[in-house]
Amino acid sequence: MASKKFKKNLLCIGAGYVGGPTMAMIAHKCPQYKVTVVDVSNEKIAAWQTDNLPIYEPGLLELVKSCRGKNLFFSTDVDKGIKESEIIFISVNTPTKTFGEGAGKSADLQYWEKTARDILRASDSDKIIVERSTLPVKTAIAMERILSLNEKGLNFEVVSNPEFLAEGTAIKDLEKPDRVLIGSKETESGIKARNKIVNIYANWIPRTHLITSNQMSSELSKLVANSFLAQRISSINSISALCEKVDADVNEVANAIGKDKRIGDKFLNASVGFGGSCFKKDILNLVYLCETFGLYEVAAYWENIVKINDYQTSRFVQNINKAMFNTITNKRIAIFGYAFKANTSDTRETAALYVTRKLMTERAHVVISDPKAIKNAKKDLKEYGNDIEYQEDPYKAAKGAHAVAIVTEWDMYKTLDYEKIYRSMEKPAFIFDGRNILDHEKLFKIGYEVHPIGRPPLVHFNEG
Ligand SMILES: NC(=O)c1ccc[n+]([C@@H]2O[C@H](COP(=O)([O-])OP(=O)(O)OC[C@H]3O[C@@H](n4cnc5c(N)ncnc54)[C@H](O)[C@@H]3O)[C@@H](O)[C@H]2O)c1
C-alpha cells in the first residue's frame with residue numbers, strides 16, 4: 001500500500017494541538033514513513049502549510065519545516081488519507097458534552113464517532129486504528145465493534161495510545177517522553193498490532209520507556225494521570241488559602257513538603273488555578289465514569305478538585321476587589337497573560353477568561369496583554385466587544401492602570417521594567433501576582449501594593 005519511496009503510510013485524523021506536533025515528530029524521526037495529517041478545517045490545514053502555524057508551540061515551526069513536503073503532508077482529503085494508510089492515528093477533539101445525558105461531565109463523542117464512520121466508509125484494506133484522543137474507558141472496544149460491522153470483510157485492530165504531552169513543552173515531551181503507553185486486546189492479532197505501534201516509537205524512544213497494557217488500563221491511565229496532576233495543583237491551592245489566613249508562605253510550605261521524595265517537588269506552584277482543555281474535562285470524565293458504576297463517594301472525591309480550582313479563581317478576583325477598597329468599577333486593570341499557561345497560544349479553559357468575566361461583572365475597565373494569545377482572547381471574549389481593550393505591549397496595557405494582575409507565567413513578565421510601569425500607573429498601584437513569579441520585596445520597595453498567592457501581602461496602606 002505504501003508508495004515505493006516509503007516503507008509505510010501513516011495517517012492522523014485531527015490536526016490540532018496533539019495531531020500536528022505528534023505527527024511532525026514521527027515524520028522527523030522516521031523519514032522512512034510517509035506521514036499525512038488530515039482535518040475537516042480548511043483554515044487549519046492551510047495554516048499548517050505556511051510559516052504561520054495554527055498553534056504556537058516552541059520549536060514546532062522548525063520541526064514542521066524539517067520534514068514538510070518531504071515525508072510530512074497536510075490535507076483535507078480525509079477519505080484519500082484513509083484509503084492510502086495502514087495505520088491511522090485519531091486525535092480529534094473530545095470535549096465535555098454540553099447537552100443530553102451526561103451533560104457537563106461525560107465526553108462528547110460526536111467527532112470521534114464521525115471519524116469511525118469515515119474510516120468504515122473509505123477503507124478498502126485492513127487497518128490499525130490508534131486512539132490518541134482522550135476517551136472514556138471501553139471506547140476502543142466500542143469502536144472495534146462499530147468497525148467490525150463492515151460488509152467488506154476487513155479487519156480493524158484498535159490500539160489505545162494516549163498522549164501525555166503538555167502544551168508549552170510538547171516538542172520536548174514528544175522527543176523524550178517519560179513513557180509511551182500502548183494498550184491493546186491481549187489476543188494474537190491485538191498484540192501484533194500493538195507491536196507495530198511500539199516499533200514506530202522505537203525509532204527514537206528507548207524500549208524501556210515503551211509500556212504496554214490492555215486497552216482499558218491504557219484508556220483509564222490517561223484520565224487518572226490528568227486527575228492526579230490536577231489534584232496536586234488543587235491541593236497546593238487549597239493550602240494557599242490557609243497560608244493567607246495564618247501568615248504562612250505557600251512557597252516555603254511547597255518547598256518543605258516537596259523535599260520529601262515520596263511527595264516530590266513538581267506541580268506544587270500555587271496559582272490562580274489550572275486551565276487548559278484537558279484537566280477539567282478529564283476529571284469530569286472520570287467522575288462520570290465513577291457515577292455510572294454507582295461509585296458516588298469516589299466521584300465526589302475527584303469532583304472536589306474542580307471545585308477547589310473554581311474557588312481559587314474566584315478567590316483571586318475577590319482579593320483584587322477587597323484590596324482595592326471594595327470597588328473596581330471603572331478602574332483600569334491590566335491582565336498580564338491570557339493563555340492558560342506560558343509558551344502556548346491555547347486559551348481553552350484559561351483562568352484568565354474567568355478572571356476577566358468576573359472583573360467585567362464588577363464593571364472594571366479590563367485591558368488584556370499576552371505575547372501569543374490575543375487573537376484567541378478576542379474570540380473568547382467577543383461578547384464584550386470594545387468594552388475590553390487588547391494591548392500586546394504590557395507597558396501600554398499598564399499605562400494609567402490601577403492594578404496589574406499576572407495570570408499567565410510568561411517569562412517576559414519576570415524581567416519587565418517595573419519602575420517604569422509604576423511611574424505610569426495610577427496610585428496606589430496594585431500588583432496581584434496570580435503565579436508568584438515576581439520579586440515581591442523589590443516591587444514593594446518600588447512602591448507597589450503587592451498581593452501574591454498564599455503569602456502575606458506587602459502593603460503600604462492597610463485595607464483593614
Ligand atoms: N491539547 C493537549 O495538550 C492534549 C494532550 C493530551 C491529550 N489530548 C487529547 O487529544 C485530543 C485532541 O486534543 P487537541 O487539543 O489536539 O484538540 P484540537 O481541538 O486542537 O484538535 C482536534 C482537531 O480535530 C479536528 N476534527 C474534528 N473532527 C474531525 C473529523 N471528523 N475529521 C477530521 N478532523 C476532525 C478538528 O477540526 C480539530 O482541528 C482530545 O481528546 C484531547 O483530550 C490533548
Side-chain angles (χ1 to χ4, degrees), residues 11-25 36-48 53-57 60 74-82 85 88-97 106-122 129-137 139-140 143 160-174 177-181 218-219 221-227 229-230 274-286 339-341 343-350 376 379:
L11 177 75
C12 176
I13 304 182
Y17 284 88
V18 167
T22 311
M23 300 320 281
M25 183 58 74
T36 307
V37 189
V38 291
D39 202 290
V40 284
S41 162
N42 292 324
E43 196 189 336
K44 256 187 207 173
I45 290 299
W48 278 109
L53 301 183
I55 59 174
Y56 172 71
E57 189 63 46
L60 179 61
F74 295 93
S75 163
T76 50
D77 196 339
V78 178
D79 283 17
K80 181 167 176 274
I82 292 171
S85 305
I88 302 176
F89 294 77
I90 308 183
S91 46
V92 298
N93 38 330
T94 52
T96 304
K97 221 175 153 194
S106 80
D108 183 348
L109 296 178
Q110 59 172 306
Y111 308 101
W112 182 260
E113 161 126 15
K114 177 171 180 314
T115 310
R117 293 189 188 284
D118 287 346
I119 293 173
L120 201 52
R121 187 192 60 247
I129 311 299
V130 186
E131 287 181 350
R132 299 288 284 155
S133 299
T134 304
L135 292 156
V137 179
T139 305
M143 185 165 210
S160 163
N161 171 217
E163 179 52 72
F164 292 106
L165 67 78
E167 286 174 32
T169 53
I171 304 307
K172 194 172 107 284
D173 297 343
L174 286 165
D178 289 343
R179 77 320 203 173
V180 172
L181 177 57
S218 174
E219 288 173 333
S221 297
K222 175 63 196 178
L223 296 183
V224 174
N226 272 355
S227 300
L229 290 169
F274 61 74
S277 65
C278 295
F279 279 179
K280 186 173 171 188
K281 141 176 112 60
D282 294 350
I283 296 169
L284 292 175
N285 216 327
L286 184 67
F340 86 90
K341 65 193 281 197
N343 299 318
T344 179
S345 53
D346 195 351
T347 64
R348 291 176 291 182
E349 296 289 340
T350 178
N376 282 337
K379 273 192 215 154

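What's counted below: heavy atoms across the whole structure, side chains too, no hydrogens, waters or symmetry copies. The first residue in the sequence is number 1, and the count goes up from there. For ligands, and for the atoms within them, numbers begin at 1 and follow the listed sequence.
By the 3.5 Å distance cut-off applied to N or O atoms, Asp282 is not counted among the residues near ligand 1. Close N/O approach between Tyr17 and ligand 1 is found [any backbone or side-chain N/O within under 3.5 Å]. Polar contact with ligand 1: absent for Lys222 (N/O pair, distance under 3.5 Å).
Among Asn42, Leu165, Val40, Asn285, the residue whose heavy atom lies closest to atom 30 (C) of ligand 1 is Val40. For atom 37 (O) of ligand 1, the nearest non-hydrogen atom from the set Asp39, Ile45, Ile13 comes from Asp39.
Residues that satisfy the salt bridge (charged side-chain N to carboxylate O under 4.0 Å, His left out) test with Arg117, not counting sequence neighbours, are Glu113. By the side chain to side chain contact (heavy atoms under 4.5 Å, CB included) test, Ser221 pairs with Leu181, sequence neighbours left out.
Near Lys44, the atoms of ligand 1 lying under 4.0 angstrom from a non-hydrogen atom of the residue are 38 (C), 39 (O). Which parts of ligand 1 touch Tyr111 is read off a 4.0 Å heavy-atom cut-off, strictly below it: atoms 28 (N), 31 (N). Counting the atoms of ligand 1 from 1 in the order shown, those under 4.0 Å from a heavy atom of Thr115 are 31 (N). The Lys281 neighbourhood of ligand 1 comprises atoms 42 (C), 43 (O), with distances under 4.0 Å to a heavy atom of that residue. Close contacts of ligand 1 with Glu167, meaning ligand atoms under 4.0 Å from a residue heavy atom, involve 1 (N), 2 (C), 3 (O).
When atom types are taken as modelled, the side chain of Ser133 and the backbone of Leu135 share no donor-acceptor pair closer than 3.5 angstrom. Ser91 contributes a side-chain N or O that, together with a main-chain N or O of Gly14, makes up a donor-acceptor pair within less than 3.5 Å. Judged by distance alone, the side chain of Asp79 and the main-chain N or O of Ala122 form no donor-acceptor pair under 3.5 Å. In terms of modelled atom types and a separation under 3.5 Å, the side chain of Ser345 and the main chain of Tyr56 share a donor-acceptor contact. Put simply, the side chain of Thr350 never gets that close to the backbone of Gly275: no donor and acceptor are under 3.5 Å apart. For Lys44 (side chain) and Pro54 (main-chain N/O), no donor-acceptor pair under 3.5 Å exists by modelled atom type.
Residue, atom and distance of the protein heavy atom nearest to atom 6 (C) of ligand 1 are Glu163 O, 3.2 Å. Summary of contacts: the protein heavy atom closest to atom 7 (C) of ligand 1 is Thr134 OG1, 3.6 Å. The nearest heavy-atom contact from the protein to atom 27 (C) of ligand 1 is Asn93 OD1, 3.2 Å. Nearest protein heavy-atom contact of atom 41 (O) of ligand 1 is Thr94 OG1, 2.5 Å. For atom 11 (C) of ligand 1, the closest non-hydrogen atom of the protein is Val92 O, 3.4 Å. Scanning the protein heavy atoms around atom 8 (N) of ligand 1, the nearest turns out to be Val18 CG2, 3.5 Å. Of the protein's non-hydrogen atoms, Gly16 CA, 3.2 Å is the one closest to atom 21 (O) of ligand 1.
In summary, Glu131 and Lys222 do not engage in a salt bridge, as defined by a charged side-chain N under 4.0 Å from a carboxylate O.
For the pair Phe340/Glu349, no side-chain contact is recorded, criterion being any heavy-atom separation below 4.5 Å from C-beta on. Under the 4.5 Å side-chain criterion, counting only non-hydrogen atoms from C-beta, Val18 is not in contact with Cys12.
At a heavy-atom distance under 4.0 Å, only side-chain atoms of Arg348, from C-beta outward, approach ligand 1. The residue Ala170 has no part lying near ligand 1, judged by heavy-atom distances below 4.0 Å. Contact annotation for Ser91 and ligand 1: only backbone heavy atoms (N, CA, C, O) come within less than 4.0 Å of the ligand.
Between Phe279 and Phe274, the ring planes are perpendicular. Angles over 60° get that label, and only those under 30° would be called parallel.
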